[in-house]
Amino acid sequence: MAEVITMPRLSDTMTEGKVAKWHKKVGDKVKEGDILAEIETDKAVQDFESEVEGTLLYVGVEEGGAAAVDSVLAIIGNEGEDISGLTGDEAPKSNDSEEKKVDEDHKTENNATSIEQADAEVPAGVEVITMPRLSDTMTEGKVAKWHKNVGDTVKEGDLLAEIETDKAVQDFESEFNGVLLKQGVEEGGAAPVDSVLAIIGPEGTDVSGVGAPKAASSSSEKPAEQKTEVKSEEKAAPAADSSSTDRVAISPLAKKMAQDKGVDINSIQGSGENGRIVKKDIENYQPSASKPAASAPAASPAAQVALNFVQGEDTETPNSQVRNVIAKRLSESKFTAPHYYLMVEINMDKAIEARKEINSLPDTKISFNDMIIKATAVALRKHPQVNSSWAGDKIIHRGNINVGVAVAIPDGLVVPVLKNTDQMNYTQISAAVKDMAARAKNKGLKANEMEGSTFSISNLGMFGIETFTSIINQPNSAILSVGAIIEKPVVKNGQIVVGNIMKLSLACDHRVVDGATGAQFLQTLKTYLENPLTLLL
């Protein structure tokens, strides 16, 4: 019997989806786990895989077309099956005419927006690449570095450039072959989303009339072609590759399942197309003997950009996209959310003992920060009001507990997110934090890894800071500030003894979290940290 596939809701704010590219045509055989299409949401472009097997009988949305969430996307069934009663009168016209298709090569993995062509016609075989929208809040992108110069041969999968968004710096890859004919944005320059980023095509093709550069150059008014000649000598050293995790071929559904279950995707052999990891690979995964976690220390702070002090000479540093967004978001949070602060002291004696016992196990090494994250996530289960957000005329109570962990980078601060933190164990939290912290400092985090937090934690204990307050990371309603563990005299059973004390500060949005609610949350968190065994109850 035929199965109707509807347009999926791939983000919490998505109302319609755009088919950036079909990977299957009407009449093609489809297996479970095969990629049907690339769907562009309001946040990113994601692969959409089939969960059923059969023949693709109907395509409800043309390539390049958009449709509302839950409308008919495709129909899969037995070859020759009658589906006239399933298509629906309002379904978009089927994609059965090659003349109406948008050229597949006009789409890239991170950019499925419609191409704004210049007055001149695009020559045959030439591909116009536009500035991609790499995050939901991105309005322009800055080319941090070009990995290809004009005249260089480009292959599918090659890195074209590093694009700096308002959240991170991301590698931008080509999905087709050719020669780089034009750079629409200088290295160090910025351009709006959807403006011309580059043009690729056959060698020698005249593209002078295709797409005028829209870059807001930060340093020079020379044409991009001249700039690339100057930069060519600097390209000799190969760019450092990003984390191997970024290169794993995995469907979005399988990736989410792996995150939910705490599965290391690097240890899985995919059964999908070209070794791609699909849903059934995660479902059938059998964990082997645990291997050592990544060696990058989670708590190691990132140094600020080195500045040379010259007596009597003022200098300037242009703001990065990340720095501009930090300034904007924190100002909005501080001046719109009525902050108040609660502080509590935690006796960490039992937590210290528990950590020593845990770290005595083979291939296990957790930090106090990992213990605090776990205890916080479990405490949020009992106090869902703290895991909520203000939304103007209503309060949204989040169904998942996603803890954001503030990480210092040279440009400022980013907050990678541990999804479903309450379902993770110490080892999974430790490995995830180390991995994301290391990639954050190497600008290897993806935008979706910094979205969706429901609560945040900032830890300055490694600097010896005893207590401090933080600005709430919107749209969260609270953020926990963690200080250093300090030896202090404490009264225990009527005697003054040496104790290990840690101070926590909770900043709350008074529109969502009342004082008593915040205090009760801290009491629960204090209980968990002072008696770690209670986390097992």
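- Asn500 contributes no side-chain N or O that, together with a main-chain N or O of Met348, makes up a donor-acceptor pair within less than 3.5 Å.
- Each salt bridge (charged side-chain N to carboxylate O under 4.0 Å, His left out) pair with one or both residues in residues 460-471, not counting sequence neighbours, appears once here: Glu466-Lys488.
- Listed for the Glu40 side chain is no donor-acceptor partner under 3.5 Å among the backbone atoms of Val19.
- Not one N or O on the side chain of Arg511 forms a donor-acceptor pair closer than 3.5 Å with the backbone of Pro338.
- Partners of Lys350 according to the side-chain contact (heavy atoms from CB on, under 4.5 Å) rule, which considers only residues two or more places apart in sequence or in another chain, are Asn531, Pro532.
- Interatomic distance, OG of Ser430 versus CG of Asn369, reported as 9.5 Å (0.5 Å rounding).
- No option in Val513, Ile396, Ile395, Thr336 other than Ile395 meets the side chain to side chain contact (heavy atoms under 4.5 Å, CB included) test with Trp390.
- The ring-ring contact (aromatic ring centres under 6.0 Å, His included) check on Tyr340 picks up His510, with sequence neighbours excluded.
- A donor-acceptor pair is defined here as one N or O able to donate and one able to accept, closer than 3.5 Å; such a pair exists between the side chain of Lys374 and the backbone of Met424.
- For an aromatic pair to be called close, the ring centres must be under 6.0 Å apart, and Phe521 with Phe455 satisfies this.
- Listed by chain and number, the residues in a side-chain hydrogen bond (donor to acceptor under 3.5 Å, both in side chains) with Ser505 amount to none (sequence neighbours excluded).
- Between the side chain of Asn425 and the main chain of Thr427, a donor-acceptor pair closer than 3.5 Å is present.
- Checking side-chain atoms of Ser333 against main-chain N and O of Ile471 turns up no donor-acceptor pair under 3.5 Å.
- Remark: the Asp370 side chain and the Ser367 side chain contain an N/O donor-acceptor pair separated by less than 3.5 Å.
- Listed by chain and residue number, Val417, Ser456, Asn473, Asn476 satisfy the side-chain contact (heavy atoms from CB on, under 4.5 Å) test with Ser453 (two or more places apart in sequence, or in another chain).
- The closest donor-acceptor contact from the side chain of Ser71 to the backbone of Ala67 lies at 3.5 Å or more, if one exists at all.
- With Ser470 contributing its side chain and Ile479 its backbone, the two residues share no donor-acceptor pair below 3.5 Å.
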Show me the donor-acceptor pairs, under 3.5 Å and distance only, between side chains in residues 522-529 and residues at least two apart or in other chains.
residue : atom : partner : partner atom : Å
Thr524  : OG1  : His383  : NE2          : 2.7
Thr524  : OG1  : Gln520  : O            : 3.2
Lys526  : NZ   : Glu345  : O            : 2.7
Lys526  : NZ   : Glu530  : OE2          : 3.0
Thr527  : OG1  : Gln523  : O            : 3.0
Tyr528  : OH   : Lys382  : NZ           : 3.2

